[in-house]
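As a basis for the values below, the full set of heavy atoms in this structure was taken, side chains included, without hydrogen atoms, waters or symmetry mates. Along the sequence shown, residues are numbered consecutively beginning with 1. As the structure is a computational prediction, the values presented were derived from the model and not from experiment.
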Amino acid sequence: MDQQIISRFNDNILHEAMRRYGIAQDKIQLLDSFESFIYEFEIKGEGFILRIGHSFRKSAALIHGEVDWINHLARGGVSVARAVPALSGELVEVIDDGDSGQFLVTAFVKAKGQKPWDAGWTPERYENYGRLLGQMHALAVDYQPLVPAWRRPEWDDVSLQFINEYLPASEIIVHQNYRSVLEHIHALPKDNASYGLIHQDAHQNNFFMDADGTLTLFDFDDCAYSWFISDIAIVLFYISMDAEELGFPDSASFTQEFLTHFLRGYRQAYSLSSAWLKEIPVFLKLRELELYAVVHRDFQIDDVEHWSLESFKQTPGFDVNNGGHMWIATFMQNRKHRIDQGLPFIEYDFESLA
């Protein structure tokens, strides 16, 4: 989290947010978080999530756009953790930070179920996963925000250009690869059938799964306008990192199994042209490069050419007890070499799934 945000947050901000949502002192607890302060709270036996972000990251208009999109999906029957109003009736509460900035507070229904790796994956649940994304994309086709100023950013908005902002200029080949990827993506056609508002981060940390396999999606903080196939590629990007843990010898064999079922569910809800499958590798590469840059933002990365897990554990701020940090360490192993060599994130013939 940005140190400027951390330094401006205090108990007074939290207590004011609690007051605006009618949260009792003994009914709230802090959760692990990355970009905002996240709490779980309870009112009349029902669970909710409180998120306190800052205008440094997102404006109030963008937060309004996020919750408008979420509740549009909920009204359309998509299983998402809908936004709930404060006592004032507003979905976004603004609290002045006393230093020319604002804390922006939102609350959501707590998703039912548990993390998917605890619930367990099956082919049927891969299919449910795909159907959920398909339902969301179907509702994106004709969606317009309630207020034009609430429109979420495009995928290449300056606020989302992590590589140019965080990656050292010394990473010459990575910057070259990024420019090549952008050139390819900018040449892709846009139409309502293939391009719209997407989640853009629908990985396993951002949904819960019921005992019956129903998924409930949350954390739309990164939602932006992009190609629907990008949403699918991002899902594959993250879950393929768990291929061995899920019992597969490599990411390619997992991709065959996963996407066969995922796309079956997706196509039950939305008909995206199979011609877009060939674009999955370029969107996988985009996410790989972006995450590589974000790691440089969040950790002191030195001598990455001679990367090792043991050396990364010595990085300031690295916590061996943090599952997210350990996941990042796994991602970074051989990452620079793979990027510099131009290797695909997953070696697989995606067009075979047409």
Locate the shortest heavy-atom distance separating [X] from [Y]; write the atom from each residue and the value.
X      : Y      : result
Arg152 : Leu62  : NH1-O, 2.8 Å
Met209 : Gly120 : SD-O, 3.8 Å
Tyr270 : Asn192 : OH-O, 4.1 Å
Leu215 : Arg125 : CD1-O, 4.4 Å

* To do: Run the ring-centre check on Phe9 versus Phe37 and record whether the distance is less than 6.0 Å.
  =>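 Distance test on ring centres: under 6.0 Å, yes.
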* **Ring centers of Tyr129, Trp121 separated by less than 6.0 Å** =>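 Centroid distance Tyr129-Trp121: below 6.0 Å, so yes.
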* Under 3.5 Å, is there a donor-acceptor pair linking the side chains of Asp191 and Ser194? ->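 Note: Asp191 and Ser194 side chains meet the donor-acceptor criterion.
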* **Contact check, side chains of Phe299 and Met332, non-hydrogen atoms, under 4.5 Å** =>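 Not touching, per the 4.5 Å side-chain cut-off.
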* Are Glu16 and Arg20 close enough, and set up right, to give a salt bridge (charged side-chain N to carboxylate O under 4.0 Å, His left out), and what steps lead you there? -> CA-CA 6 Å; Glu16 177 61 17; Arg20 296 192 187 190; 2.8 Å; yes
* Verify same cluster id: Phe208, Val80 (apolar side-chain graph, 4.5 Å) ->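 Different clusters: Phe208 never reaches Val80 through Ile, Leu, Val, Met, Phe, Trp or Tyr contacts under 4.5 Å.
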* Asked: When you measure from the side chain of Asn128 to the backbone N and O of Gly213, does any donor-acceptor pair fall under 3.5 Å?
  ->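 Answer holds: yes.
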* Look only at the side chain of His296 and the backbone of Tyr292, and say whether a donor-acceptor pair between them is shorter than 3.5 Å. =>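 Yes; at least one donor-acceptor contact below 3.5 Å.
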* Knowing that exactly one of Tyr143, Trp150, Tyr225 qualifies, which makes a ring pair (Phe, Tyr, Trp, His ring centres under 6.0 Å) with Trp69? ->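 Among Tyr143, Trp150, Tyr225, the one meeting ring pair (Phe, Tyr, Trp, His ring centres under 6.0 Å) with Trp69 is Tyr143.
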* Evaluate the criterion salt bridge (charged side-chain N to carboxylate O under 4.0 Å, His left out) for residue pair Arg297 and Glu35; output intermediate values, then yes/no. => CA-CA 13 Å; Arg297 177 195 70 180; Glu35 298 285 9; 3.1 Å; yes
* Is Arg287 positioned over the aromatic face of Tyr238, cation under 6.0 angstrom from the ring centre and no more than 45 degrees off axis? ->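 Pair Arg287/Tyr238 does not count as cation-pi.
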